[in-house]
Peer 1: 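Got a structure for you, written out below as structure tokens; questions coming shortly.
As the structure is a computational prediction, the values presented were derived from the model and not from experiment. In what follows, chains are A, B, ... by sequence order, proteins preceding strands, each numbered from 1.
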2 protein chains.
Amino acid sequence: MKPASRERRKAARPGEIAAAALALFSEQGFAATRMQDVAARAGIAKGTLYLYFPTKEELFFAVVREALLPRLAAVEAWVAGQVGPAPEVLRGLLVQAPGMGRGGVAAIPRLVLSEAGRNRAIARFYAEEVVARGMRVVAGILERGMARGEFRAVDAPAMAPVVFAPVLLAMLWRDTIGRHSRGPLDPAAMLAAHAENLLRGLTP
Amino acid sequence: MKPASRERRKAARPGEIAAAALALFSEQGFAATRMQDVAARAGIAKGTLYLYFPTKEELFFAVVREALLPRLAAVEAWVAGQVGPAPEVLRGLLVQAPGMGRGGVAAIPRLVLSEAGRNRAIARFYAEEVVARGMRVVAGILERGMARGEFRAVDAPAMAPVVFAPVLLAMLWRDTIGRHSRGPLDPAAMLAAHAENLLRGLTP
DNA sequence: CGATCATGACTGACTGGTCGGTCATTTACA
DNA sequence: TGTAAATGACCGACCAGTCAGTCATGATCG
């Protein structure tokens, strides 16, 4: 790990720091994570951290941006590439949903929920850049299915979050209560039941 | 507000403190709420607070217990009193769901999500005393509907959280992102679409 | 029934420790 | 060797939890 010119390192730092921060935020939450520890995990000193991010809050923004937007873009691309029947696309999306949350990404909605109540900036950013885009992808599938006569007529923007809600619940469950309790909720079984019932309900 | 004997006040205190704490927790979150402020809101000094609750965490437990369990019991009672067709009971539950979250109760799942990742005690308590009971109520309706031939055969324990997920999403949305952004998600429309599609999917 | 006393609910200044953010100094690259 | 990058000791604000002291209350006694 010796090489890497100064310039290369400087360019790579923000990403490394954001990755370290994501790991710690998702383990401990935002408030409970110390900047000291983020720095240590990124292999730098605390002061160095502040050369790249002016405040803890800005670091949080960067984490959300870097971890989520590429993932979202990948989903959009995958959906755009699908040409088969809309029900199959929707089912495919739900099937791969659990795998989407690899690498701490699943923790981000939880972090946002914790912070967004008090922080208007993060609320707006998340609503516009993440939720709106996600809902548009799902609504797009629904509309395509309706146009092709594969789905009954529904209010697509109202239906989109219904598609997503159990996926979110599965993600939240897994990295909070599911960590400590086998409990009364089996995410996999829930998602299977959801896909089944959703598609039944949508048939014309 | 002068009267009230010492004994009466002492008996009433824990409830008053828990109510004050719920209000502040739901506005600002657990970590961001200072014990000082809880005390002020309850009209007592900080030290007094510690006569009733040994730590901030114990206060949190009490808040969850006092705010949620009575509500849950009311729902159980309501459902038990229903004798009509299961689809109507389910629809009735979804219709009154938004009203259920009056008075900051809706904030509790968010608080639990923030804390449960690090706190095994709260995770277990919530899983067993709240989630399991809630799921049992919903699963009960589903089973009754199946027995009466009003629903197709489904895996009731897997289906129950699917029923609940959009309700949860609506609650979370309202008191986080929905506070700051009209945004891409209309809780009422979502719940209507959910009820419609859920019952369609469940018809035999 | 009035005076005196014991109780314990209540108070708030204080402590010990934490953590976000700063900056004078050191390091190592070009 | 000049300079940009990196460092970590330090600062000040903050806060959960403590405790020695206060005083309204209600019990006891003459």
Peer 1: For B/Arg91, which residues count as a salt bridge (Lys or Arg N to Asp or Glu O under 4.0 Å) partner, sequence neighbours excluded?
Peer 2: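 With sequence neighbours excluded, B/Arg91 shows a salt bridge (Lys or Arg N to Asp or Glu O under 4.0 Å) to B/Glu196, given in chain and number order.
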Peer 1: Atom CG of B/Leu51 and atom P of D/dT18: how far apart are they, to the nearest Å?
Peer 2: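 For the pair B/Leu51 CG and D/dT18 P, the rounded distance is 11 Å.
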Peer 1: Would you please confirm or rule out a distance under 4.0 Å between OP1 or OP2 of D/dA6 and any side-chain N or O of A/Tyr52?
Peer 2: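 So the side chain of A/Tyr52 is within the cut-off, an N or O lying under 4.0 Å from OP1 or OP2 of D/dA6.
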Peer 1: Quick one: side-chain hydrogen bond (donor to acceptor under 3.5 Å, both in side chains) pairs with a partner in residues 162-178 of chain A, sequence neighbours left out?
Peer 2: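 Qualifying pairs: A/Arg110-A/Asp175.
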Peer 1: What is the separation between atom OH on A/Tyr50 and atom P on C/dG20, rounded to the nearest whole Å?
Peer 2: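 In whole Å, C/dG20 P and A/Tyr50 OH are 6 Å from each other.
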Peer 1: Expressed in angstrom and rounded to an integer, what is the separation of B/Lys46 atom NZ from C/dG12 atom P?
Peer 2: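 Distance check: B/Lys46 NZ to C/dG12 P gives 12 Å.
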Peer 1: Taking only the side-chain nitrogens and oxygens of A/Arg13, find out if one of them lies under 4.0 Å from OP1 or OP2 of D/dA6.
Peer 2: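 Yes, A/Arg13 has a side-chain N/O under 4.0 Å of OP1/OP2 on D/dA6.
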Peer 1: Residues in salt bridge (Lys or Arg N to Asp or Glu O under 4.0 Å) with A/Glu76, at least two apart?
Peer 2: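 Per chain and number, A/Glu76 pairs via salt bridge (Lys or Arg N to Asp or Glu O under 4.0 Å) with A/Arg133.
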Peer 1: Taking side-chain hydrogen bond (donor to acceptor under 3.5 Å, both in side chains) as the definition, give me every residue that meets it alongside A/Gln96, ordered by chain and number, with sequence neighbours left out.
Peer 2: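 With sequence neighbours excluded, A/Gln96 shows a side-chain hydrogen bond (donor to acceptor under 3.5 Å, both in side chains) to no residue whatsoever.
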Peer 1: Partners of A/Leu22 by side-chain contact (heavy atoms from CB on, under 4.5 Å), sequence neighbours excluded?
Peer 2: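 Partners of A/Leu22 by the side-chain contact (heavy atoms from CB on, under 4.5 Å) criterion, ordered by chain and then number, come out as A/Val63, A/Ala67, A/Ile108.
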Peer 1: With sequence neighbours excluded, tell me which residues meet side-chain contact (heavy atoms from CB on, under 4.5 Å) with B/Ala45.
Peer 2: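 side-chain contact (heavy atoms from CB on, under 4.5 Å) list for B/Ala45, sorted by chain: B/Thr48.
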Peer 1: Please give me every residue in residues 17-37 of chain B whose heavy atoms get under 4.0 Å of an atom in DNA chain D, ordered by residue number.
Peer 2: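 Close to the strand are B/Thr33, B/Arg34, B/Met35.
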Peer 1: Holding to side-chain contact (heavy atoms from CB on, under 4.5 Å), I want the full list of residues that pass it with B/Ala74, two or more places apart in sequence or in another chain.
Peer 2: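 By the side-chain contact (heavy atoms from CB on, under 4.5 Å) rule, B/Ala74 matches no residue at all.
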Peer 1: Between residues 53-62 of chain B and DNA chain D, which residues have a heavy-atom gap below 4.0 Å?
Peer 2: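 Going residue by residue through residues 53-62 of chain B, the ones with a heavy atom under 4.0 Å of DNA chain D turn out to be B/Thr55, B/Lys56.
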Peer 1: If you define the side chain from C-beta out and look only at heavy atoms, does anything of A/Leu168 sit under 4.5 Å from B/Leu168?
Peer 2: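 No; the side chains remain at least 4.5 Å from each other.
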Peer 1: Does D/dT7 have OP1 or OP2 under 4.0 Å away from a side-chain N or O of A/Thr48?
Peer 2: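 Looking at the OP1 and OP2 atoms of D/dT7, one of them is under 4.0 Å from a side-chain N or O of A/Thr48.
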Peer 1: Whole Å only: how far is the CG atom of B/Leu49 from the P atom of C/dC10?
Peer 2: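 Interatomic distance, CG of B/Leu49 to P of C/dC10: 11 Å.
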